[in-house]
K.L.:
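The structure is given below, and queries will be raised subsequently.
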Amino acid sequence: MSELTVTQTHTAFGLVYSVEINIRATTRTIWNILTDAAGFPRWNSTVASIEGHIGEGERLRLRVPGSDRTFTPRVSGVAPEQRMTWTGGFAPLFKGIRIFELTPRSDGSTDFAMRESFSGLMLPLMKRALPDFRPIFESYAKDLRNEAERSASAAHA
């Protein structure tokens with residue numbers, strides 16, 4: 001993986017977006033950025049604010065630019081420097097699950113993958129109201145790469 005890849009797949013009761021990108025930084029550098037809630041709005045153009053602690057079992061309060069809506073995902077499945085999951089919604093009506101994964105490479109870089117799956121009985125009715133997340137995921141990945149590579153080069157300066 002070297003280039004950015006963004007995909008969308010859908011079924012009657014499911015919708016999945018994913019992004020993958022290689023970042024010239026260690027998993028530790030990227031993990032520190034992904035788990036620093038206070039720093040998110042500084043580097044991430046897709047997040048206006050996050051309240052809470054990004055850790056196992058924690059509930060976050062997340063706002064996105066251009067919306068007054070607050071999302072409240074719960075963090076789970078935390079494997080430091082490897083993986084975490086954010087889950088929100090009201091199962092079985094509507095549920096969103098976002099998975100972050102970091103895979104180290106032998107050259108010191110890291111493959112970053114983020115996947116969000118939406119499901120539930122209300123999804124067929126809500127699909128048209130949901131934005132196309134592909135540009136959002138692309139921005140998220142590019143913003144993360146820029147911040148991680150900036151941090152990595154600053155650490156070596």
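Note that this is a predicted model, so its numbers are computed, not measured.
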K.L.:
Can you find a pair of side-chain heavy atoms, one from F40 and one from D36, that are under 4.5 Å apart?
P.N.:
no

K.L.:
Checking S151 side chain against E147 main chain: does a donor-acceptor pair fall under 3.5 Å?
P.N.:
yes

K.L.:
Does A25 offer a backbone N or O that forms a donor-acceptor pair with the side chain of T110 under 3.5 Å?
P.N.:
yes

K.L.:
What's the shortest heavy-atom distance between A37 and P41, and which atoms?
P.N.:
O-CD, 3.8 Å

K.L.:
Take atom CZ in R42; do more than 12 heavy atoms of anything else shown fall under 6.0 Å from it?
P.N.:
yes

K.L.:
Flag yes if L144 and V47 sit in one hydrophobic cluster, no otherwise; membership is Ile, Leu, Val, Met, Phe, Trp, Tyr, and two members link when side-chain heavy atoms are under 4.5 Å apart.
P.N.:
yes

K.L.:
Would you confirm whether T70, through its side chain, and R63, through its main-chain N or O, come within 3.5 Å as a donor-acceptor pair?
P.N.:
no

K.L.:
Is a side-chain N or O of E101 found less than 3.5 angstrom from the main chain of R83, in a donor-acceptor match?
P.N.:
no

K.L.:
Looking only at the side chains, is there a donor atom on one of Y17 and E116 sitting less than 3.5 Å from an acceptor on the other?
P.N.:
no

K.L.:
Between E51 (side chain only) and L62 (backbone N and O only), is there a donor and an acceptor less than 3.5 Å apart?
P.N.:
no

K.L.:
Taking CG in D68 as the centre, count heavy atoms belonging to other residues, nucleotides or ligands within less than 6.0 Å. Is the count above 12?
P.N.:
no

K.L.:
What is the distance from atom OG1 of T29 to atom CD of E81, rounded to the nearest 0.5 Å?
P.N.:
8.5 Å

K.L.:
Do F133 and F118 have ring centroids that are under 6.0 Å from one another?
P.N.:
yes

K.L.:
May I ask you to decide if R69's main-chain N or O and S67's side chain share a donor-acceptor pair within less than 3.5 Å?
P.N.:
yes

K.L.:
Tell me, do Y140 and N44 make a side-chain contact under 4.5 Å, heavy atoms counted?
P.N.:
yes

K.L.:
If you measure from CZ on F137 to CG on L4, what distance do you get to the nearest 0.5 Å?
P.N.:
11.5 Å

K.L.:
Let's go through L93 and M122 carefully: what are the C-alpha distance in whole Å and the side-chain angles of both, what is the deciding distance for side-chain contact (heavy atoms from CB on, under 4.5 Å) to 0.1 Å, and is it a yes or a no?
P.N.:
CA-CA 5 Å; L93 297 179; M122 295 297 292; 3.9 Å; yes

K.L.:
What is the minimum heavy-atom distance between I50 and L60, and which atoms define it?
P.N.:
CG2-CD2, 4.2 Å

K.L.:
So, taking the atom named CZ in R105 and the one named CG in N22, what distance separates them when rounded to the nearest 0.5 Å?
P.N.:
4.5 Å

K.L.:
Evaluate the side-chain proximity of R74 to E58: yes if any heavy-atom separation is below 4.5 Å, no if none is.
P.N.:
no

K.L.:
Around atom CZ of R61, are there more than 12 heavy atoms of other residues, nucleotides or ligands at under 6.0 Å?
P.N.:
no

K.L.:
When you measure from the side chain of D143 to the backbone of S45, do you find a donor-acceptor pair of N or O atoms at a distance under 3.5 Å?
P.N.:
yes

K.L.:
Are side-chain heavy atoms of E20 and F112 found at a separation under 4.5 Å?
P.N.:
no

K.L.:
With a cutoff of under 4.5 Å between side-chain heavy atoms, which Ile, Leu, Val, Met, Phe, Trp and Tyr residues group with I97?
P.N.:
I99

K.L.:
Under 3.5 Å, side chain of S153 to main-chain N/O of E149, donor-acceptor pair present?
P.N.:
yes

K.L.:
Is it true that the side chains of S18 and T7 contain a donor and an acceptor less than 3.5 Å apart?
P.N.:
yes

K.L.:
Hey, what do you get for OG1 (T5) to CD1 (I21), rounding to the nearest 0.5 Å?
P.N.:
8.5 Å

K.L.:
Quick check: closest heavy atoms across V75 and G55, and the distance to 0.1 Å?
P.N.:
CB-O, 3.2 Å

K.L.:
According to a 4.5 Å side-chain heavy-atom criterion applied to Ile, Leu, Val, Met, Phe, Trp and Tyr, with indirect links allowed, do V16 and F13 form part of one hydrophobic cluster?
P.N.:
no

K.L.:
For E56 and S76: C-alpha separation, side-chain torsions, deciding distance, then whether side-chain contact (heavy atoms from CB on, under 4.5 Å) applies.
P.N.:
CA-CA 5 Å; E56 184 68 38; S76 66; 3.8 Å; yes

K.L.:
In Å, rounded to the nearest 0.5 Å, how long is the span from CZ of F94 to CG of L125?
P.N.:
11.5 Å

K.L.:
Kindly check if the number of other-residue, nucleotide or ligand heavy atoms within 6.0 Å of CZ (R24) is above 12?
P.N.:
no

K.L.:
For the residue pair R59 and F71, would you count it as a cation-pi contact if the rule is NZ or CZ under 6.0 angstrom from the ring centre and within 45 degrees of the ring axis?
P.N.:
no

K.L.:
With the threshold set at 4.0 Å, does a side-chain nitrogen-carboxylate oxygen contact exist between E138 and R134?
P.N.:
no

K.L.:
Can I30 be reached from W43 by stepping across I, L, V, M, F, W or Y side chains whose heavy atoms are under 4.5 Å apart?
P.N.:
yes

K.L.:
Can you check side-chain contact (heavy atoms from CB on, under 4.5 Å) on W31 and F100, steps first, answer last?
P.N.:
CA-CA 10 Å; W31 185 259; F100 304 82; 5.9 Å; no

K.L.:
When rounded to the nearest 0.5 angstrom, what distance separates NZ in K142 from OG1 in T46?
P.N.:
13.5 Å

K.L.:
Would you please test L123 and L130 for side-chain contact (heavy atoms from CB on, under 4.5 Å) and show each step?
P.N.:
CA-CA 9 Å; L123 184 61; L130 293 173; 4.0 Å; yes

